[in-house]
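Notes follow once the structure below has been shown.
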Amino acid sequence: MITAYPAMVFAAGRGTRMGTLTQDLPKPMIRVAGRPLIDHALTPLIEAGVRRIVVNTHYLPDPLEAHLAQERRVQITLSRETELLDTGGGLRHALPLLGHSPVWTINSDIAWAGPNPLQILDTPPPQGGAELLLVAKDRAIGDPGPGDFFRGKDGHLKRRGDAAEAPFVYTGLQLIDTAPLVHFSQTVFSLNAVWDLMLSQGVLRGKVYPGQWCNVGQPQSLPLADAMVGNV
């Protein structure tokens, strides 16, 4: 079962777009529908059966780590970063804790309304590649931007590039083969660079989430996420 794969939750960032809300609190501890944002990332993982979860921490880690220590549904391992490593560097730093590949990765500033998103990514990624969960722009809430990808035959992806818009937004959830991380020598790097390598090899694919999704990246997204989750 693909839910037997380990998972990495990205929770180390400073959350600067949240302004004063993250002055004394890490963004994953901001509440949506009465629960910290981090719980909106953990719950679909746990409910789908993921049993090995690693969460990276850096900015104001104490409240987040104290909250995670109270989690009784699954054991969580911390990957503490003394400097921000970005998504690619953070995932590579956590690989000894994750144990094997492929790995789920999920952002900690998103919320869902609909089926468990892990159910949609129901097959392993291509060898050396990744399977991204996308959402159509008209089902994305909270400043989805101009879109990220076009999706072609068999789910193969193409970046928006110079186009004014693309129909699909990356939701922050993927199942990724971590083998390509060895090609990057730098300590700090984004998974976008890894995706570019996968795109050049034709092994970056995507599936589409049928529910609604909210990017909770700025203060004005909070009431939108509250309303969306509250209507489930």
Side-chain angles (χ1 to χ4, degrees), residues 1-5 7-10 32-33 37 40-50 87 91 101-178 180 190-192 194-217 221 224-225 227-232:
M1 293 179 60
I2 61 171
T3 50
Y5 297 141
M8 170 86 178
V9 182
F10 293 119
V32 164
L37 266 171
H40 294 273
L42 291 173
T43 295
L45 297 174
I46 294 168
E47 291 183 348
V50 176
T87 49
L91 177 57
S101 182
V103 169
W104 296 97
T105 77
I106 188 169
N107 295 346
S108 60
D109 58 355
I110 53 180
W112 312 85
N116 188 313
L118 276 74
Q119 295 175 348
I120 311 303
L121 297 181
D122 57 356
T123 55
Q127 184 174 359
E131 192 88 38
L132 276 56
L133 188 62
L134 312 174
V135 64
K137 275 192 65 181
D138 62 0
R139 303 192 72 81
I141 298 169
D143 188 24
D148 300 312
F149 291 102
F150 296 92
R151 182 174 180 269
K153 185 178 180 181
D154 298 326
H156 285 276
L157 299 182
K158 178 182 176 182
R159 285 196 185 274
R160 175 171 53 87
D162 295 330
E165 291 188 325
F168 296 106
V169 177
Y170 174 55
T171 64
L173 175 68
Q174 67 173 331
L175 188 56
I176 182 171
D177 184 340
T178 60
S190 170
L191 282 174
N192 273 295
V194 182
W195 290 348
D196 285 340
L197 175 62
M198 293 175 175
L199 282 166
S200 71
Q201 298 173 345
V203 290
L204 187 70
R205 300 178 186 171
K207 292 185 178 178
V208 180
Y209 185 62
Q212 287 188 306
W213 167 89
C214 186
N215 171 25
V216 194
S221 299
L224 301 176
M228 183 193 76
V229 176
N231 288 330
V232 176

The test is side-chain contact (heavy atoms from CB on, under 4.5 Å); show your working for Val194 and Leu91 and say whether it passes.
CA-CA 11 Å; Val194 182; Leu91 177 57; over 6 Å; no

Main-chain N/O of [Y] paired to [X] side chain as donor or acceptor, under 3.5 Å:
X      : Y      : answer
Ser108 : Val9   : no
Asn116 : Pro44  : yes
Ser200 : Leu197 : yes
Arg205 : Gly155 : no
Asp154 : His156 : no
Thr105 : Met8   : no

Go through the structure and list residues passing salt bridge (charged side-chain N to carboxylate O under 4.0 Å, His left out) with Arg159, not counting sequence neighbours.
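With neighbours one apart ignored, the set is Asp196.
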
Is there a side-chain contact (heavy atoms from CB on, under 4.5 Å) between Leu157 and Leu134? Walk through the geometry before answering.
CA-CA 10 Å; Leu157 299 182; Leu134 312 174; 3.7 Å; yes

So [Y] and [X], do their side chains get closer than 4.5 Å, heavy atoms only?
X      : Y      : value
Pro124 : Glu131 : no
Thr123 : Lys207 : yes
Ser101 : Tyr5   : no
Val50  : Leu118 : yes
Tyr170 : Asn192 : no
Leu132 : Trp195 : yes

Output the distance between atom [atom1] ([X]) and atom [atom2] ([Y]), rounded to the nearest 0.5 Å.
X      : Y      : atom1 : atom2 : result
Trp213 : Thr171 : CH2   : OG1   : 7.0 Å
Arg139 : Met228 : CZ    : CE    : 10.5 Å
Leu199 : Leu204 : CG    : CG    : 4.5 Å
Ile110 : His40  : CD1   : NE2   : 10.5 Å
Leu175 : Ile120 : CG    : CD1   : 13.5 Å
Arg160 : Phe149 : CZ    : CZ    : 10.5 Å

Nearest heavy atoms of [X] and [Y], plus distance in Å:
X      : Y      : result
Leu173 : Pro117 : CD2-CB, 3.7 Å
Ala33  : Val229 : CB-CG1, 3.6 Å
Pro125 : Ala130 : CB-CA, 3.7 Å
Ala225 : Val216 : CB-CG2, 3.9 Å
Pro115 : Pro210 : CG-CG, 3.8 Å
Val208 : Arg151 : CG2-CD, 3.9 Å

